[in-house]
Amino acid sequence: MFITPALVLIGVFFVIPVLGALVLSFTDFDIYSIGNPADTRFIGLGNYRSLFADPLFWKALRNTAYYVVVGGPLSVVVSLAAALLVNARLIRWKPLFRSAFFAPWVTTLVAVALVWRYLYHPQYGLLNASLGLVGVGPIDWLGNPRWAMPAIILMSVWKNFGYNMLIFLAGLQTIPPQLYEAAELDGAGRWQRFRQVTVPMLGPTFVFVGVVTMIAAFQIFSEPYVMTQGGPLKSTLTLVLFMYEQGFRWWRLGFAAAVAVVLGLLTLAGTAVQLRLRRGGERVV
Amino acid sequence: MRRKLESIALHALVVMAAVLTAAPLLWMVSASFMRAGAATSSPPPLLPASHTATLEHYRALFTSQSLGRYLLNSLVIAGGGTLLGVAITAMAGYGFAKLRFRGRDPLFRNLVLLMVVPGQVAMLPMFLELRELGLINTLFGAMIPVLAPIYGVFLVRQYALSIPGDLLDAARIDGASEFRIFRSIVLPTIAPVLVTLGVFTFLSAWNDFMWPLIVLSDDARYTLPVALANLAGEHVQDTELMMSGAVVTVLPVFLAFLFLQRYYIQGIMAGSTKG
């Protein structure tokens, strides 16, 4: 059978582990269990109880929410702006600009996160040097708990906006030009054409981009791992980084699995809300 | 006249945005050629001072830091994973599009639903599973996430739906085996989407960080991103050396993208509107 290899792989290396995470989250699996799995006991909701009592978990959840709620929409707006710019009638060499905007997306995150770590350097970084030219005083981007998360968001928006830009471009190209002509004949200005034609016609694209961006945002790990190790003062500790540290640094796999389950549930809930909002929106339009 | 001004303004805007977007990557390349310590001076230089450009950091990476070994590991994992993954995914995508069997469509719908579950949820049990199977610290273990990507099955299926069923039936009547049909009719037809999928898979395997970080504990098995993150721990002061490492890590995927971007960009754009 043609589908068997794929189904076996997905079953063994995805479905079973996902269910396994659920089971694991009800056990006290830790470093001793690795040596002697028989040692593991079911402790019911014990991990969840300690999780919800752990201030670090709430910190990680807040930081992740910050990243999702600020970084997500920002990334969507920047991508849409880039798509509109590249798609503008008057612009020439479109493929060149499209590739230039898309380039960061294909690069290796660890490598460019390192590059940005130097760009953000308070003394020798290019960012502060440029800001200094317009009189903005040196900011310790990654060393200040207030600025570290915004700095990571800025870097991720730079890294990722090209992908959503392509999706928006695909959406823009499906809008029939007659709609714009008709709106223009009706005396609609540029902003009105954007509000009344572009935005509604891009509806499904917004849902796709919103869901994909949000799911990816919940999973943020490598940026803080490479740039800040979750600091300073845990201000960039994210859920997945928290899970990684608990699971693979301290080998509290049962506890970390509870974090994984919470992450999965949050992602599901977020997706459901976005799809629901979209359906509600359609009725209005 | 107004149109002309508008065009100039728009072009100024788009050029500025493109330069800003490219700036971090350009600086990465430039700093990798600077002499040790040159990048950390005030004001930070944009280019190596004249006649001081050097390849010493690249030489150091491949001699004292054994970057060649990590490059090879990354190539084996991303290359091998891509070949295996594309073959497995092509078969599955075709099967879901064109072969009739009981429960096919509900099964496919459930697979698509699974795409919402983040991969990280599976990582802890997967680590334990691979430990039991003796796959920890193996290059094969690091390939696993790209072997049967669900979005790939989805992508191939959408494409394979357009293969005419009559053509397949005619071949069956002529006595061709299912495997023969797949090889000589299906594969040539879906080749374009397989190239797209191949580029996607290669890039995601090459750029992946978290899973190789978990599954590869022995220094000799590290991929480039894992080695680079590790190196950054010890050599954070050596800006120029780190930037050379970043260039070596990014360059292969960047070249792959430049040469194959037609497939890549089309794939992303098609995937979004068909989905």
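Protein chains get the first letters and strands the later ones, always in sequence-line order, with residue 1 at the start of each. Remember, it's a predicted structure, so these values are computed and weren't measured experimentally.
If you measure heavy-atom distances from A/V112 to chain B, the contacts under 4.5 Å come from the side chain alone. Only the side chain of A/F161 comes within contact range of chain B, judged by heavy atoms closer than 4.5 Å. In this structure, chain B has a heavy atom under 4.5 Å from the side chain of A/F29, while its backbone stays farther away. Within the 4.5 angstrom heavy-atom criterion, only side-chain atoms of A/V15, from C-beta onward, approach chain B. Residue contact with chain B, scored on non-hydrogen atoms closer than 4.5 Å, involves the side chain of A/L7 exclusively. For chain B, the nearby parts of A/R92 are the backbone and the side chain; heavy atoms of each come within less than 4.5 Å. Contacts of A/L265 with chain B are absent, with no heavy-atom separation under 4.5 Å from either backbone or side chain. Neither the backbone nor the side chain of A/Q229 has a heavy atom closer than 4.5 Å to any heavy atom of chain B. For chain B, the nearby part of A/F248 is the side chain; its heavy atoms alone come within less than 4.5 Å. Contact annotation for A/I91: both backbone and side-chain heavy atoms come within less than 4.5 Å of a heavy atom of chain B. Heavy-atom distances place the side chain of A/F97, and not its backbone, under 4.5 Å from chain B. Heavy-atom distances place both the backbone and the side chain of A/L253 under 4.5 Å from chain B. For chain B, the nearby parts of A/A256 are the backbone and the side chain; heavy atoms of each come within less than 4.5 Å.
Between B/F182 and A/F2, the ring planes are tilted. Angles from 30° to 60° get that label.
Counting heavy atoms from C-beta outward, B/L124 and A/M243 have side chains that approach closer than 4.5 Å. In this structure, the side chains of B/F257 and A/F102 come closer than 4.5 Å at one or more pairs of heavy atoms.
Panel note: side chain B/N207, backbone A/V106; a donor-acceptor pair is recorded below 3.5 Å. A/Q219 places no side-chain N or O within donor-acceptor distance of the main-chain N or O of B/Q120, the cut-off being under 3.5 Å. A/W158 places a side-chain N or O within 3.5 Å of a backbone atom of B/T21 that can act as its donor or acceptor partner.
Aromatic pair A/F221/B/W211: ring centres not closer than 6.0 Å.
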